[in-house]
Number of protein chains: 2
Amino acid sequence: MARPAYQAIKDYLVGQIRSGVWKEGDLVPSENDLVRTFGVARMTVNRALRDLSADQVLVRVQGAGTYVGPPVYQSTLVEIRSIADEIRDRGHQHSAVVLVLTKEPDGPGAGFRSVLVHQEDGVPIQVEDRWVNPALAPGYLDQDFTLTTPNEYLVRVAPLERVEYRIEARLPPDQIRHALTMDEGEPCLLLHRRTFSKGQAASVVDLWHPGNRFRFTGHF
Amino acid sequence: MARPAYQAIKDYLVGQIRSGVWKEGDLVPSENDLVRTFGVARMTVNRALRDLSADQVLVRVQGAGTYVGPPVYQSTLVEIRSIADEIRDRGHQHSAVVLVLTKEPDGPGAGFRSVLVHQEDGVPIQVEDRWVNPALAPGYLDQDFTLTTPNEYLVRVAPLERVEYRIEARLPPDQIRHALTMDEGEPCLLLHRRTFSKGQAASVVDLWHPGNRFRFTGHF
DNA sequence: GAGTGGTCTAGACCACAGG
DNA sequence: CTGTGGTCTAGACCACTCC
């Protein structure tokens, strides 16, 4: 089985949303519709819809139908996840612009530094200002971060041992505000995170998000 | 169907882990074991295990088995903890002012409502705007919330089953801003949280915090 | 080879929403 | 009432791991 049927159905649904055929609040085909379209059992369709509902891509109402969910940018705190993955899971296009990628001189703060802007369908959604320990990721500067996010690279080369984070609401510096194309006076949701690997600090990052189109969510 | 079978299985598994009977890395019963134990179809067991795997509570390896995952646990952020406790733990004085404590009329949103301001050494640090399900906490209105926080009362009378939360950076409404003695234009850190108990929504709360003197922190 | 999880089927009954 | 999603069954075949 190359690609499971339920995954094909998910891809189809996400594709319809990504391409703009279905918009927020639209009623999507019912389970029985999709059963006929794809020629599978209802349980298979149900799994696809339930998965996307858990991802908040769709909203299901018993007795009424399944709708396209609101385009809420979200993230989870309990897992270090690539923002690129999250955006793609929501059926949108991720892209990144590298603003800074340098080696900071010796002294306190010595190490690699990168500043990126992550975009969802071309709309800036996160500014990532990162310091990286050269001892743990010596090849950091040679990566193409428009293809692989720093996070994806780091979890690969430096297995995560411990994470500390801090969340604040802050008015952004002008530079950040402009990079996120935010109006003056709009607050940012700032996630400051330090990761440790092999007993050393691996990376310290400030993630700035526009408060009016980003939130962290979770459950337990 | 009071509680779905798959939920009962999830509760059982989570209970074994929370209570320490099973520890990280332990092999949990196979699907066929659980089928026999609970007397349900394998698909039902599969759903329970797949759900917990998606939540990173379990790790599944095809051909090998299902294991208890690493303790990806809620931190102070999502932990339902009394703000009074947190303040006292920091060695400061907690006090609360009750602004609203009423029974909302019938219709959507019917139930109890309370609005409190929590203070740390007399400085307002959190506005708590809460809706409570009367069926789960009938004695809610009779409590003295200057002595016991709503949260402390609720976890006592309605055992926590599930929590959903959302964190945003927002400019506060004027009322909230004044209650927190914040300057105009200062952002708030807003934690929106819904708790469930005995299969029902127990409480929905908006917790507003001044961005310049409050942050969520945690680690794992 | 025996046991595991991954997926799928073709039915079924139920609760709920809407006209 | 019809149509929707929510759940469940009792099988099945497959890919994989481990012995």
Side-chain angles (χ1 to χ4, degrees), chain A residues 1-14 16-17 22 25-70 219, chain B residues 1-14 16-17 22 24-70 107-108 110 135 161-162 164 196 198-201:
Chain A
M1 194 175 304
R3 189 176 59 163
Y6 75 87
Q7 187 60 54
I9 298 170
K10 287 174 68 172
D11 290 346
Y12 165 74
L13 295 166
V14 163
Q16 295 295 101
I17 296 171
W22 300 335
D26 282 359
L27 193 62
V28 315
S30 73
E31 296 195 349
N32 283 323
D33 288 343
L34 293 167
V35 162
R36 283 187 289 270
T37 303
F38 285 88
V40 297
R42 191 183 148 217
M43 274 296 282
T44 304
V45 167
N46 179 268
R47 169 163 180 186
L49 293 171
R50 194 153 37 76
D51 279 4
L52 292 177
S53 170
D55 290 344
Q56 306 202 35
V57 172
L58 299 176
V59 177
R60 315 200 72 191
V61 181
Q62 185 173 158
T66 302
Y67 304 87
V68 177
H219 62 87
Chain B
M1 194 176 305
R3 189 175 59 164
Y6 75 88
Q7 187 60 53
I9 298 169
K10 288 173 67 172
D11 290 346
Y12 165 73
L13 295 166
V14 166
Q16 294 295 103
I17 296 170
W22 300 335
E24 175 177 357
D26 283 359
L27 193 62
V28 315
S30 74
E31 296 196 349
N32 283 323
D33 287 343
L34 293 167
V35 162
R36 283 187 289 271
T37 303
F38 285 88
V40 298
R42 192 182 147 217
M43 274 295 283
T44 303
V45 167
N46 179 268
R47 170 162 181 187
L49 292 171
R50 194 153 36 76
D51 279 5
L52 291 178
S53 169
D55 289 345
Q56 307 201 21
V57 172
L58 300 176
V59 177
R60 316 200 73 191
V61 182
Q62 186 173 155
T66 302
Y67 303 87
V68 177
E161 190 173 271
R162 187 182 147 73
E164 294 175 3
F196 299 84
K198 301 168 186 168
Q200 305 172 67

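Chain naming here is simple, since letters A, B, ... match the order of the sequence lines and numbering starts at 1 in each.
A 4.5 Å side-chain heavy-atom check between A:L13 and A:V57 finds every atom pair outside the cut-off. Contact annotation: the side chain of B:L49 approaches that of B:L34 to within less than 4.5 Å [non-hydrogen atoms, C-beta and beyond]. Residues A:F38 and A:V45 have side chains not in contact (no heavy-atom distance under 4.5 Å, counting atoms from C-beta outward). Contact of the B:V40 side chain with the B:I9 side chain is registered, since non-hydrogen atoms from C-beta on lie closer than 4.5 Å. Looking at B:V28 and B:I17, their side chains never come closer than 4.5 Å, going by heavy atoms from C-beta outward.
Here the P atom of nucleotide D:dG5 and the CE atom of A:M43 are 15 Å apart, to the nearest Å. Taking atom CZ of B:F38 as the reference point, atom C1' of D:dC8 lies 15 Å away to the nearest angstrom. Here the C1' atom of nucleotide D:dG6 and the CG atom of A:L52 are 17 Å apart, to the nearest Å. Here C:dC8 presents its C1' atom at 16 Å from CZ of A:R3, a figure rounded to the nearest Å. The interatomic distance linking B:L34 (CG) with D:dT9 (P) rounds to 13 Å, in whole Å. Atom CD in A:Q7 sits roughly 13 Å away from atom C1' in C:dT7 (whole-Å rounding). Atom P of nucleotide D:dC18 and atom CG of B:L27 are separated by 11 Å, given to the nearest angstrom.
If A:V40 and A:Y67 are placed on DNA chain C by their nearest nucleotide, the residue sitting closer to the 5' end is A:V40.
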Enumerate the protein-to-nucleotides 2-5 of chain C contacts in which both atoms are nitrogen or oxygen and the separation is below 3.5 Å.
from: C:dG3; atom 1: N2; to: B:G63; atom 2: O; distance (Å): 2.9
from: C:dT4; atom 1: OP1; to: B:S30; atom 2: OG; distance (Å): 3.4
from: C:dT4; atom 1: O2; to: B:G63; atom 2: N; distance (Å): 3.3
from: C:dG5; atom 1: OP1; to: B:T66; atom 2: OG1; distance (Å): 3.0
from: C:dG5; atom 1: OP2; to: B:E31; atom 2: N; distance (Å): 2.9
from: C:dG5; atom 1: N7; to: B:R42; atom 2: NH2; distance (Å): 3.3
from: C:dG5; atom 1: N2; to: B:Q62; atom 2: OE1; distance (Å): 3.4

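For the OP1/OP2 pair of C:dT7 and a distance below 4.0 Å, the side-chain nitrogens and oxygens of A:R47 include at least one atom meeting the criterion. OP1 or OP2 of D:dT7 has not a single side-chain nitrogen or oxygen of B:T44 nearer than 4.0 Å. Phosphate proximity of D:dT7 to B:Y6: present, with a side-chain N or O under 4.0 Å from OP1 or OP2.
The side chain to side chain contact (heavy atoms under 4.5 Å, CB included) with B:Y6 is formed by just one residue from the set B:R50, B:M43, B:R47; it is B:R47.
Applying the salt bridge (Lys or Arg N to Asp or Glu O under 4.0 Å) rule to A:D11 yields the partners A:R3; only residues at least two apart in sequence or on another chain are considered.
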